[in-house]
Amino acid sequence: MLTITIFLPLLTGLVVLTLPRNRPDLVRGTALFGALLTLIAAIILWVGFDPSGGNLQWRMTAPWIPAIGASYDVAIGGISLALILLTAVLLTVVMVYVFGEHDRAHAHAFLFLLLGTGLIGLFAARDLLLFYLFFEVGLVPMYFIVGIWGGEHRRYAALKFFLYTRAGSLAMLLGFLALYLAMEPHTFSLPAIIAAKPLAHAPLAAALVFFALLIGFGVKLPIVPLHNWLPDAHVEAPTEGSVVLAGLQLKMGGYGLIAVLLPALPETVARFGWLLVIIALVSLLYGALAALAQSDMKRLVAYTSINHMAYVALGVAVAAMTGSVAARQLALNGAAVQMVSHGLLTGGMFLMVGMLQHRAGTREIDRFGGLIGRLPAFSGLFGLLAFGSLGLPGFSGFIAEFQVIGAALQLSVWVAAGTVLGLILATGVYLLLMARTLMGTPSPGADALTALSPREAWSAGALAALSVLIGILPAVLIAAVDSATRILAQF
Amino acid sequence: MPEAASMSCMDLGAVVPEMVLAGLALAMVPIAGWARGPWRRFPAWVALLGLLIAMGVTAPMLIAAPREAFCGTYAVDPFRGFYQLVIEAGAIVTLFALATHFRGTEQEAQAPIALLMASVGGMGLVAATDLGLIVLFLQMVSFPSYLLVLLVRSDRPAQEGTLKYFLYGAAALAVMAYGLTFLFGLTGSLNLRVIGTSLAGTDRAWIALAFGLVLVGYGFEMTLVPFHVWAPDAFQGGTAPASGFVSVVPKVAAFAGLLRLLLEALPQNLVPWPVVLAIVAAVTMTFGNLVALRQITLKRLLAYSSIAQAGYMLMAVAVAERAPDALPAVGYYLVAYLCMNLAAFAVLAQVERMFGRDDYVAIRGLGRCAPWPAAALALALLSLAGIPPLAGFAGKVFLLMAVIDGGFTWLAIVAALNMALALYYYAAIVAEMYFREPEQTEAVAPGAGYAWAIGLCTAGTIAFGTIPSLALSMAQLGSGMLR
């Protein structure tokens with residue numbers, strides 16, 4: 001079933017390619033159908049998931065490259081499950097959102113579906129070489145998406161994205177190879193590596209591997225100073241591209257930190273824990289401050305991603321450094337929930353910005369005002385997602401950030417204080433954004449803005465609703481995530 | 001040597017593939033002279049048949065017990081079987097593209113002959129265990145390659161490229177022959193294995209000198225820096241299918257030949273070739289990639305890219321004696337390289353035929369006006385860049401793994417940086433094809449031969465990439481006997 005879930009999007013994508021050229025609606029319909037099937041498959045995985053059953057559920061293994069000990073090995077734990085569900089949800093939302101757009105629909109649908117396979121495969125892979133393979137499959141389509149359907153500077157942004165990502169993933173590959181060669185007998189099996197911790201007694205090699213993996217995952221998360229590609233890629237990407245980029249691809253980095261780097265090298269992460277804490281705090285503050293300075297709404301949301309994802313890095317650092325298992329679990333829970341929450345909320349924010357740009361032809365914050373009177377439905381959703389993003393209780397973001405700060409408090413008051421400062425700045429960013437766009441006097445062209453179409457309302461509404469659901473009933477998500485972090489916290 | 005002894009080691013069964021191909025090539029020389037009209041296609045079909053037969057005869061060598069033929073001068077072993085299969089496969093793919101490229105011209109009948117002769121030379125080099133034969137076969141793979149590049153005789157760049165190729169080749173091979181005489185002088189034998197066992201105790205300075213001189217010859221065929229200078233001009237001057245062939249078959253033959261020479265005749269405790277080759281590999285890949293960044297014609301860009309690719313492969317040669325998986329890694333990568341590089345050149349050949357040019361403008365917007373060739377070129381380039389799940393990715397993993405295992409971690413890091421750098425120019429081509437609108441849409445219809453060449457190579461790039469064991473297991477069979 002897990003394998004079916006992984007390859008359903010790709011399969012749909014291949015079917016889409018064979019459809020006739022002159023039927024774009026058929027293409028969109030088929031792609032949406034494939035995404036829905038994937039979502040159903042992911043829900044079946046969830047239903048069959050046992051919260052006390054560990055991190056290797058729904059496992060399937062098959063030989064892949066037996067000569068070098070690499071196998072097709074997929075399984076899920078609670079965090080994988082949550083991220084796979086998120087992937088299926090966002091894929092479906094994107095397919096709803098782009099319904100009716102006809103520019104090279106075949107290639108567009110195929111690339112998004114291919115990317116879906118890469119992401120779900122990545123979250124399920126339990127073999128490092130397979131992990132790497134899905135990592136790249138999950139990223140390369142975005143190069144084409146940005147380059148073909150992107151904005152004015154799309155070629156520059158696409159190339160920058162590709163080069164950054166590639167440099168990071170090659171560093172990661174070297175790290176994986178070092179882990180592989182340190183195992184006796186050589187194997188890429190992630191559970192085996194986590195059990196053996198082969199570099200525990202080779203501090204220099206462990207440090208090199210740590211930095212290699214940190215670069216690999218850090219580019220994607222992104223952490224300052226590896227974040228430079230992100231604003232360009234987000235701003236130039238088409239709306240649906242930004243949604244997937246922020247909502248899902250940043251999670252590849254976070255998932256790597258939590259599920260690979262931390263369990264494989266816990267004492268090395270602890271050794272460089274303060275470095276990671278500082279990086280996370282700098283990213284947290286930098287993301288918020290940079291967002292404050294933006295006049296372009298999309299760029300603003302892009303920078304807040306850096307702020308939000310820094311909680312994941314902070315959670316991992318805190319988990320590695322604190323001695324108490326409970327605090328570790330709290331930190332990891334926060335990090336994992338933050339990934340899901342950010343996927344829903346920021347994905348939603350990018351949709352809102354895209355809708356606005358589609359109507360007004362601009363994303364400059366100063367060109368808008370008083371939207372609440374003209375576009376009540378839009379403003380309601382916009383406000384809901386913005387309040388969620390700033391960490392208001394009742395939304396998923398609050399649950400996540402609260403847990404990370406709580407765990408950080410056990411490490412040091414100052415770290416917690418720094419985090420809270422970042423939180424306050426991010427709150428300011430969103431409050432100002434809402435004040436300048438939704439409130440105030442309507443801008444001259446506002447009369448021409450049309451109300452939301454059903455597909456727009458449904459796509460963004462679904463994301464906001466899920467975030468509220470997690471905020472009100474966190475147990476839905478926490479139960480699954482908890483089952484994974486309980487194991488990850490034991491090292 | 002007495003008459004009886006020389007008769008007893010006449011083992012013609014050992015050279016059936018070579019005899020078939022050389023015999024067919026010689027038989028077609030007079031035919032090519034007077035063939036007119038549709039008969040010009042005849043040599044290509046004969047060559048295809050001959051190559052398929054040769055593959056059928058070669059394949060069993062992969063599992064045969066190793067032996068020596070012709071009094072110890074010619075090996076029959078899985079190593080030979082593997083690399084000869086690679087050469088034959090490369091020749092078949094080139095044949096498809098070449099025959100279509102010259103459709104209806106005088107060269108249509110001549111090109112397959114040169115192709116077969118060069119392939120026989122390469123196949124001989126893979127099997128030769130005798131210094132004299134090595135020199136002979138190196139010449140034999142080179143001369144028809146010069147001819148292939150020169151096939152468009154009226155073309156100035158082709159003449160210039162060929163002249164450069166020829167002069168460099170002549171000089172490099174002479175230097176190499178000179179180096180081989182030192183090995184003979186030190187040991188009194190022409191046989192690689194005998195040299196390997198009797199070099200111990202001789203003067204190491206002479207061995208090092210001999211190794212250095214021999215490397216010039218192989219370095220020329222493999223386009224290692226600083227012996228690469230001919231390649232960009234020759235690749236740019238030749239037609240795209242011929243350049244593709246020259247970028248693959250002589251390289252495969254030279255890699256196999258160098259491996260045999262190093263592992264059988266030059267123990268690494270006598271001459272520090274691992275370090276030397278590691279440094280040459282690092283310089284070659286870095287130079288190739290840096291210069292490729294600034295190219296504007298695609299054949300020239302692919303020339304520098306193939307120089308960089310040679311650098312990657314040389315890394316694993318450098319650790320051939322230290323890491324158990326180095327030999328299969330080289331073998332696998334050569335297969336992957338064959339698929340992706342020939343696919344790229346086949347698409348370029350088609351573009352050249354469609355638009356009459358081979359720069360960025362020709363492929364601009366190709367994704368719109370010729371979606372299938374564009375997709376094939378994009379896949380080939382992404383594979384050359386090492387993006388999974390394509391063959392170039394698995395190949396790079398195997399190479400890096402062998403290099404780290406062999407103790408050259410610094411080289412693996414240099415290689416990884418190079419791979420990141422190389423993406424820039426590969427992605428630039430992909431961007432031209434997909435992120436821009438086409439400038440010219442009037443296209444000449446391509447031929448079926450391109451479709452076959454492109455299809456075969458692309459299928460290989462994807463199949464060997466997703467299921468690497470398909471090629472890796474053969475490469476492993478082919479690596480057992482030398483060590």
Side-chain angles (χ1 to χ4, degrees), chain A residues 17 21 63-70 72 104 106-107 111 118 121 128-140 143-144 146-150 154-178 180-182 186 188 205 208 212, chain B residues 323-325 328-329 332 367-368 371 375 378-379 382 385-390 393-394 396-407 409 412-428 430-436 464-473 475-476:
Chain A
L17 284 184
R21 291 271 139 207
W64 178 36
I65 320 177
I68 60 167
Y72 175 81
R104 282 170 276 187
H106 290 75
L111 287 170
L128 286 182
L129 202 61
L130 193 67
F131 181 96
Y132 182 84
L133 187 148
F134 282 126
F135 195 86
E136 297 270 30
V137 173
L139 288 169
V140 175
Y143 167 68
F144 289 93
V146 175
I148 297 179
W149 293 277
R154 60 182 190 276
R155 285 200 297 276
Y156 168 77
L159 186 63
K160 196 169 177 181
F161 167 79
F162 205 1
L163 288 180
Y164 259 93
T165 299
R166 184 81 183 124
S169 58
L170 280 168
M172 182 176 99
L173 179 63
L174 286 183
F176 285 176
L177 290 182
Y180 163 83
L181 290 168
H186 297 338
F188 281 108
L208 286 174
Chain B
D325 292 327
Y332 179 89
R368 281 258 169 134
L379 278 176
L382 291 178
I387 304 289
L390 303 168
F393 159 69
K396 287 183 174 68
V397 169
F398 299 149
L399 291 178
L400 289 174
M401 209 181 242
V403 172
I404 299 176
D405 198 24
T409 309
I413 295 172
V414 171
L417 289 174
N418 264 287
M419 289 166 193
L421 181 70
L423 182 69
Y424 183 87
Y425 58 84
Y426 292 127
V430 175
E432 286 290 333
M433 289 195 295
Y434 285 100
F435 305 166
R436 281 169 176 270
F464 297 143
T466 44
I467 314 171
S469 302
L470 291 178
L472 186 66
S473 53
Q476 279 175 321

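Computed over heavy atoms, backbone and side chain alike; hydrogens, waters and symmetry mates excluded.
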Using non-hydrogen atoms only, which part of A:Ala158 is less than 4.5 Å away from chain B: side chain, backbone, both, or neither? side chain
Nearest 0.5 Å, please: how far is OH in A:Tyr72 from OG1 in B:Thr466? 13.0 Å
Taking B:Met419, B:Gln476, B:Arg436 one by one, which has the highest count of heavy-atom pairs under 4.5 Å against chain A? B:Arg436
Quick one: of B:Leu423, B:Leu421, B:Leu417, who has the most non-hydrogen atom pairs under 4.5 Å with chain A? B:Leu423
Measure up the A:Phe144 and B:Tyr434 rings against each other and bin them: parallel (under 30°), tilted (30 to 60°), perpendicular (over 60°). perpendicular
Beyond-backbone contact of B:Pro388 with A:Phe134, side-chain heavy atoms, under 4.5 angstrom: no
Looking at chain B, which one of A:Leu173, A:Val137, A:Ile68 has the largest number of heavy-atom pairs inside 4.5 Å, strictly under? A:Ile68
If you round to the nearest 0.5 Å, how far is NE2 of A:His186 from CG of B:Asp325? 7.5 Å
Tell me whether A:Arg166 contacts the main-chain N or O of B:Gly386 through its side chain, where contact means a donor paired with an acceptor under 3.5 Å. yes
Of A:Phe162, A:Tyr143, A:Trp149, which is the lone residue that meets ring-ring contact (aromatic ring centres under 6.0 Å, His included) with B:Phe435? A:Tyr143
Atom group of B:Leu472 that falls short of 4.5 Å from chain A, counting heavy atoms: side chain
CD1/B:Ile404 to CG/A:Leu181 distance, rounded to the nearest 0.5 angstrom? 6.0 Å
Residue B:Ala394 versus chain A: region with a heavy atom under 4.5 Å: neither
Turns out that what part of A:Pro66 lies under 4.5 Å from chain B's heavy atoms comes down to both
Using a cut-off of under 4.5 Å for heavy-atom pairs, which of A:Thr165, A:Leu208, A:Leu170, A:Val140 has the most such pairs with chain B? A:Leu170
Of the listed residues (A:Leu139, A:Leu129, A:Ile148), which shares the most heavy-atom pairs with chain B below a 4.5 Å separation? A:Ile148
Chain B contact via A:Leu159 - which portion, at a heavy-atom distance below 4.5 Å: side chain
